[in-house]
Structure formats: C-alpha cells, structure tokens
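Reviewing the structure listed below.
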There are 2 protein chains.
Amino acid sequence: MVEARDRFRSHLARRGLRYTAQRRLVTDATLRREGHYDADDLYEGLRAAGSEVSRATVYRTLGLLRDSGLIKEVLQCRGRASYEAVYGLEHHDHMLCVECGKVIEFRDDRIEELQRRICRRHGFRALEHRMGIRGICKQCAAAQKESGD
Amino acid sequence: MVEARDRFRSHLARRGLRYTAQRRLVTDATLRREGHYDADDLYEGLRAAGSEVSRATVYRTLGLLRDSGLIKEVLQCRGRASYEAVYGLEHHDHMLCVECGKVIEFRDDRIEELQRRICRRHGFRALEHRMGIRGICKQCAAAQKESGD
DNA sequence: CTTGCATTTGAGAATGAGTTTCAATAGCAA
DNA sequence: TTGCTATTGAAACTCATTCTCAAATGCAAG
Ligand SMILES: [Mn+2]
Ligand SMILES: [Mn+2]
Ligand SMILES: [Zn+2]
Ligand SMILES: [Zn+2]
C-alpha cells in the first residue's frame, strides 16, 4: 500500500504534477477498496467519510491512477466505467452474472499464452486485453430451475 | 440475407410486433453492411440514401435486431456502442490498434474450448463472451520505429 | 371498405456519465 | 515574500442513448 502510493507519487513527480491532499484521499480510497468500483462509489464513500473532494477531482484522479498503472478500467457495467486494483496483483478475467450481477474472477495461463501467440502471429504489440463472459451463475441457474422453468 | 430477414420477421411476429417499413429499412441497412458500425453510421447512411427514419427508430430497431440474434454489440468504441452481423457467421474476437483504429478479427478454437471448460468448472452458463486486445498494429509499430522511435 | 384497438413513429425533451471551463486557491522554489 | 504553475470545485457542457406523448399506422373483425 505504501509502495503503491510511492509509485503514484513518482508518476506524478516525473511529470511535474503534485501529490495534493485531494489526490491522496482518492488514492487511499482506491487502495483500501477491494474488488470493483466506479467513480461514484468512490465519491460517495469519501463524502460519507467526511472528506471534501469534488466529483471532478475524483474523475481526474482516477485517470491519473490509471495512467500510473495502479488501477485499471475493467468494463462498462450499467453504463459506468468500473475499476480495480492492478498493482501487485496478477491479471485475471471476468464472468458476470446477468441475473444477480455477481462477478467471478478467473485466470487461465493457457489462454494467456494462446493470446500472446496470436498477437505475435499478427505482429500486434498488445498493451492490454480484456475478456468477459456474460451468463448465468450456478446459484441463479439453480434458482431458475427450481421455480418457473 | 432473405433468410436473416425472415428470421427477424418471425422474431417480431412471435411477440406481436410488426415488420414496418422503417424496421425493414434499418434491417436491410444492417444486413448490407460489412464489418463494424454504430447507430449513427446507420442513421446517416439511411439519410444519405433518402430514407426517412428517425434516430429513435434506428436505436429501437438495433435493439430488436440484437434481441433476435441477427447482430450483436461488439464494444464501446469512442463512447459509442458498435455492432456487427452475427447470424450465419462464425464467432470471432478482436484486436484494436489504439494508434490507427484498425480492427483485426481472429478466432482460436483452443481458446474457445478453454473458455467453455472454465465455465463448466464454475457451473456458469455462458450466454456470450467477448475478448478484446488493445495495442499497436504491425504497420503502426513499424511507422513508430522508423520516425522518432 | 369501416371501425376499433394496439403498436409504432418522430420530434424533441430528458437522462446521465464523463469532461471542460474558469476564477479562486494552493504548492513550491527562489 | 514573491512569482509562477498546477489544482480545485462548481457549474456548464457534451454527447450517446432513452423516454415521452401525440399523431399515424397496421391489422383483424365486422
Ligand atoms: Mn477483477
Ligand atoms: Mn468483428
Ligand atoms: Zn447470479
Ligand atoms: Zn495501427
């Protein structure tokens, strides 16, 4: 956590930007959080904790944190961009239950390797990739089978 | 093309909806088109061809075509939802060059199989999946190396 | 043909996430 | 302190998409 914060400070310093009180608040909020969240989750969370940060600053700081490699955008969920921590964690992909909204994370090294091979074959230099599976989770499928269908 | 149109008509009929002149115009426009397009591409295209269809109807019909399985949403590009034909075509994934915007389509059966296995392992019933790789295409990489670096 | 009724349409208003503007404030180096 | 630049917040703005609602249309029954 301190390490991540320092990384962000370096990122800012390297381009003549300042580590302000507001940026510290937003940064710590993202580092504290687990799982997926969006700009408004953070804004409301900070607000509830009595921190004075504007919505605009939350959006601006999320962009900086993304550029610095501390977090990344996962996917547009319900029309909003959601983020998750990436620094120090291993890459993974997502399954999303369209029924209950649950997110299941997974990772398969064989898929990752095949992806790399495909890029190599096309001379494509990958910067990031994202794989999302939408469907019905085990619990929701069971619930459906039980009731109506 | 006629087969696809009939499929859409059945889809509408099955739920008491009508195959109107406007819906026919939008449907044919999507069937004629190759590759990826968004709502505004279609709207402007129809307009240029002298067809009178409102933006609202284009959006509404795209939704119906999606529900009927004729087209699918590929990804939010530049803040817009883009679509592509799916009926009668084989599934594929996408690479997007962040430099020139080029889209490369690919398919790997081993990846598809691994995805199915992962879903099975989690008891997850997949409805659709989407994999996107963002990066620099061969041409843009070469151009970069040549000039600055 | 009419008539009756549900569906569809278009124009424009509304929504809502994200961005931009700009004047006031704050950080930092000299 | 001073001077210069970066930052902030509030509010205005953007822009894709959805919604509203009155007018138009499709269709089936008579
Ligand atoms: Mn995740
Ligand atoms: Mn495609
Ligand atoms: Zn579920
Ligand atoms: Zn390119």
Side-chain angles (χ1 to χ4, degrees), chain A residues 5 8-30 36-47 49-68 71-84, chain B residues 8-30 36-47 49-68 71-84 101:
Chain A
R5 199 157 31 194
F8 185 48
R9 299 189 65 160
S10 308
H11 175 83
L12 293 176
R14 221 171 304 123
R15 49 203 79 195
L17 302 177
R18 295 164 186 164
Y19 186 63
T20 64
Q22 290 90 337
R23 284 177 182 162
R24 181 172 51 71
L25 284 167
V26 176
T27 303
D28 286 1
T30 66
H36 308 116
Y37 51 87
D38 62 40
D40 221 53
D41 291 337
L42 284 183
Y43 176 69
E44 295 299 348
L46 286 165
R47 210 115 246 276
S51 304
E52 301 248 318
V53 186
S54 72
R55 225 176 213 102
T57 294
V58 170
Y59 275 105
R60 289 191 273 234
T61 307
L62 278 173
L64 291 168
L65 288 164
R66 189 214 316 108
D67 297 344
S68 79
I71 64 177
K72 77 170 167 188
E73 211 182 299
V74 181
L75 196 56
Q76 306 277 128
C77 238
R78 291 159 300 155
R80 299 177 182 195
S82 70
Y83 296 84
E84 71 179 350
Chain B
F8 185 48
R9 298 190 64 160
S10 307
H11 174 83
L12 294 176
R14 221 171 304 124
R15 50 203 76 197
L17 302 177
R18 296 166 185 160
Y19 186 63
T20 64
Q22 289 91 335
R23 283 177 182 162
R24 181 173 50 71
L25 284 167
V26 177
T27 303
D28 287 1
T30 66
H36 308 117
Y37 52 85
D38 62 41
D40 221 53
D41 292 337
L42 284 183
Y43 176 69
E44 294 298 347
L46 286 165
R47 207 117 248 271
S51 304
E52 301 249 320
V53 186
S54 73
R55 224 179 216 100
T57 295
V58 170
Y59 275 102
R60 289 191 274 234
T61 307
L62 277 173
L64 291 168
L65 288 164
R66 192 219 309 111
D67 297 344
S68 79
I71 63 175
K72 78 170 167 188
E73 212 182 299
V74 181
L75 195 56
Q76 306 277 126
C77 237
R78 292 158 301 153
R80 299 177 181 194
S82 70
Y83 296 85
E84 70 179 353

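So that the names make sense, note that chain A is the first sequence line, chain B the second, and so on, each numbered from 1.
Where B/G16 and B/S54 meet DNA chain C, the nucleotide closest to each residue was compared, and B/G16 sits on the side nearer the 5' end. Two residues, B/Y59 and B/T20, neighbour DNA chain D, and the one matched to the more 5' nucleotide by heavy-atom proximity is B/Y59. Residue A/R60 is the one, among A/R60 and B/D40, whose nearest nucleotide of DNA chain D lies closer to the 5' end (criterion: closest heavy atom).
Under 3.5 Å, the side chain of A/R18 and the base of D/dT5 form at least one donor-acceptor pair of N or O atoms.
Residues B/R66 and B/K72 come closest through the heavy atom pair CG-CA, 4.5 Å.
If you check D/dA16, C/dG10, D/dT8 against the side chain of A/R23, the one that comes closest is D/dT8. Side-chain proximity of A/L17 to the nucleotides C/dT8, D/dT7, D/dC19 is greatest for D/dT7. Across D/dA6, C/dG10, D/dG9, the shortest atom-to-atom separation from the side chain of A/T57 is found for D/dG9.
Between B/Y83 atom OH and D/dA16 atom C1' there is a gap of 11 Å when expressed in whole angstrom units. If you measure from atom CZ of A/R80 to atom C1' of C/dA17, you get 8 Å, rounded to the nearest angstrom. Remark: C1' of D/dG9 and CG of A/L25 are 15 Å apart, rounded to the nearest angstrom. Between A/Y19 atom OH and D/dT8 atom P there is a gap of 12 Å when expressed in whole angstrom units. Regarding B/R15, its CZ atom lies at a distance of 20 Å from the C1' atom of D/dC27, rounded to whole Å. Distance B/R55 CZ to D/dC15 P: 12 Å, rounded to the nearest Å. Put simply, CG on B/D41 is 11 Å from P on D/dA16, counting in whole angstrom units. Distance, B/R24 CZ to C/dT9 C1': 15 Å, rounded to whole Å.
Checking the phosphate oxygens (OP1, OP2) of C/dG10, a side-chain nitrogen or oxygen of B/Q22 falls inside 4.0 Å.
Taking NE2 from A/H11 and CG from A/L17, the interatomic distance works out to 7.0 Å, rounded to the nearest 0.5 Å.
Using cut-offs of 30° and 60° on the angle between ring planes, the pair B/Y37 and B/Y83 is parallel.
Under the 4.0 Å criterion applied to side-chain N and carboxylate O atoms, B/R55 and B/E44 are assigned as salt-bridge partners.
With hydrogens and angles ignored, the 3.5 Å screen pairs no side-chain donor or acceptor of B/S51 with any backbone N or O of B/R47.
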